[in-house]
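For ligands, and for the atoms within them, numbers begin at 1 and follow the listed sequence. Nothing here was measured: the structure is a model prediction, and the numbers come from that model. Hydrogens, waters and symmetry mates play no part in the numbers below; they use all other heavy atoms, side chains included.
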Amino acid sequence: MSESFINARTAGSIGFIELNRPESANALNRQMVKEIVNQAETFDADNAIRVIVIQGKGRAFAAGADIEEMKEETPLTFEMDDPFADWDRLTLIHKPLIASVHGFALGGGFELALHCDLIIAADNAEFGFPEVTLGVMPGAGGTQFLTRASGRRKALEWIWTGNRILAKTAYDYHIVNRLTAKELLDEETIRLAREIAERAPIAQRLIKEAVVHAEDVSLKDGMKLERKNFYLAFASEDQKEGMRAFSEKRKPFFKGV
Ligand code: CO8
């Protein structure tokens with residue numbers, strides 16, 4: 001069996017994917033991206049899992065694409081092997097995806113975090129797109145995701161210079177959801193994941209679809225999908241349970257059905 005570049009584990013209803021190439025600052029080679037996405041899909045299909053967390057082992061979240069591997073690429077190897085198809089699969093995950101980031105999240109590592117729905121960052125996190133210092137540019141959605149978060153001017157400044165974005169700045173520009181002391185990152189990540197995991201999973205799935213859709217369509221079309229999804233939520237037992245629990249003045253217990 002070939003070497004694996006990730007560790008997967010579960011804790012209650014949380015599925016953890018740990019990037020496990022610490023000697024290379026978790027640089028993402030093609031196989032590693034495939035393993036991350038395969039595991040995310042496995043958790044996505046597992047009824048016992050409600051939230052998926054991606055984190056890095058060692059000093060960094062991920063220092064980008066594996067430059068040693070990438071330097072041999074040609075336009076044709078990209079075209080024929082289509083490695084970005086794996087990244088596209090990540091955008092199809094239905095469950096909440098949280099990136100728990102400490103240390104460097106650079107290049108493809110930053111893009112991996114930006115593919116997640118939420119980012120929780122340790123105060124030592126440093127984000128950035130150094131691709132321009134290598135003569136290239138972001139290729140896994142960096143120009144799109146960062147621009148949507150920070151607006152065009154800051155995105156251009158950061159991607160043109162390759163300058164790092166410190167955790168506090170990333171927070172100020174709505175690139176990350178929450179900031180925490182490095183020592184508390186795991187604890188705060190679990191706290192957030194558990195809070196999400198307690199809510200109604202079908203509603204969350206419908207919410208994710210509607211919110212992601214909002215970035216791409218007209219207000220009218222977005223409202224249309226929201227309304228359909230709102231109707232659909234009323235097909236779930238969780239809707240009955242949630243509203244019954246409110247009337248009975250107790251905490252709801254959602255089963256995701
Ligand atoms: N690729 C390959 N190896 C890496 C990478 C990388 N991206 N980053 C770090 N490493 C290796 C280093 O070569 C070093 O290995 P060795 O010990 O064998 O010399 C080891 O990890 C530790 O790194 P450093 O000794 O450099 O540690 P420092 O603390 O001094 O520096 C840094 C850490 C700042 C992260 C530094 O290593 C660095 O600048 N790395 C490169 C960052 C970078 O340029 N990232 C962008 C890569 S291009 C990209 O991501 C394009 C994305 C396109 C789509 C995504 C497809 C997957």
Q: Give yes or no for whether the N/O distance cutoff of 3.5 Å, strictly under, is met between R59 and ligand 1.
A: yes
Q | A140, any N or O under 3.5 Å of ligand 1 N or O | A | no
Could you list the donor-acceptor pairs under 3.5 angstrom formed between side-chain atoms of residues 124-136 and any protein atom two or more places apart in sequence or on another chain?
| unit_1 | atom_1 | unit_2 | atom_2 | d |
| --- | --- | --- | --- | --- |
| N124 | OD1 | G103 | N | 3.1 |
| E126 | OE1 | R164 | NH1 | 3.0 |
| T133 | OG1 | P130 | O | 2.5 |

Q: Distance to 0.1 Å, residue and atom name: give those for the protein heavy atom nearest to atom 32 (C) of ligand 1.
A: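 I find the closest protein heavy atom is F104 CE1, 4.1 Å.
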Q. Looking only at heavy atoms of F84, does any of them come nearer than 4.0 Å to an atom of ligand 1?
A. yes
Check ligand 1 against [X] and write out every atom of the ligand that is under 4.0 Å from a heavy-atom position of the residue.
X: E111; value: 52 (C), 53 (C), 54 (C), 55 (C)
X: A65; value: 1 (N), 6 (C), 7 (N), 47 (C), 49 (C), 50 (O), 51 (C), 52 (C), 56 (C), 57 (C)
X: L134; value: 44 (O), 47 (C), 48 (S)

Backbone, side chain, both or neither: what part of [X] comes under 4.0 angstrom of ligand 1, heavy atoms only?
X: P130; result: side chain
X: A63; result: both
X: F129; result: neither

(Q) I'd like the name of whichever of E126, E23, E68, M137 reaches closest to atom 15 (O) of ligand 1 through any heavy atom. (A)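 It is E23 that holds the nearest heavy atom.
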**Q.** Option set S24, G109, G58, criterion heavy-atom distance to atom 21 (O) of ligand 1, minimum
**A.**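 Heavy atom nearest to atom 21 (O) of ligand 1 belongs to S24.
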Q) How are the rings of F234 and F230 set relative to one another: parallel (under 30°), tilted (30 to 60°) or perpendicular (over 60°)? A)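 The arrangement is perpendicular - the two ring planes meet at more than 60°.
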Q: Kindly assign one of parallel, tilted or perpendicular to the pair F78 and F84, based on the angle between their ring planes and the thresholds 30° and 60°.
A: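 Tilted, since the angle between the ring planes falls between 30° and 60°.
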Q.
As a test of the contact definition, would atom 37 (O) of ligand 1 count as having a protein heavy-atom neighbour under 4.0 Å?
A.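 False for atom 37 (O) of ligand 1.
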Q | Contacts of type side chain to side chain contact (heavy atoms under 4.5 Å, CB included), residue M223, not counting sequence neighbours | A |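 Result, side chain to side chain contact (heavy atoms under 4.5 Å, CB included) vs M223: L219, R227.
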Q: For residues I14 and A193, report the shortest heavy-atom separation together with the two atoms involved.
A: CD1-CB, 3.6 Å
Q) Per the side-chain hydrogen bond (donor to acceptor under 3.5 Å, both in side chains) rule, which among E35, R21, Q39 passes with S4? A)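 Exactly one candidate clears the test, E35.
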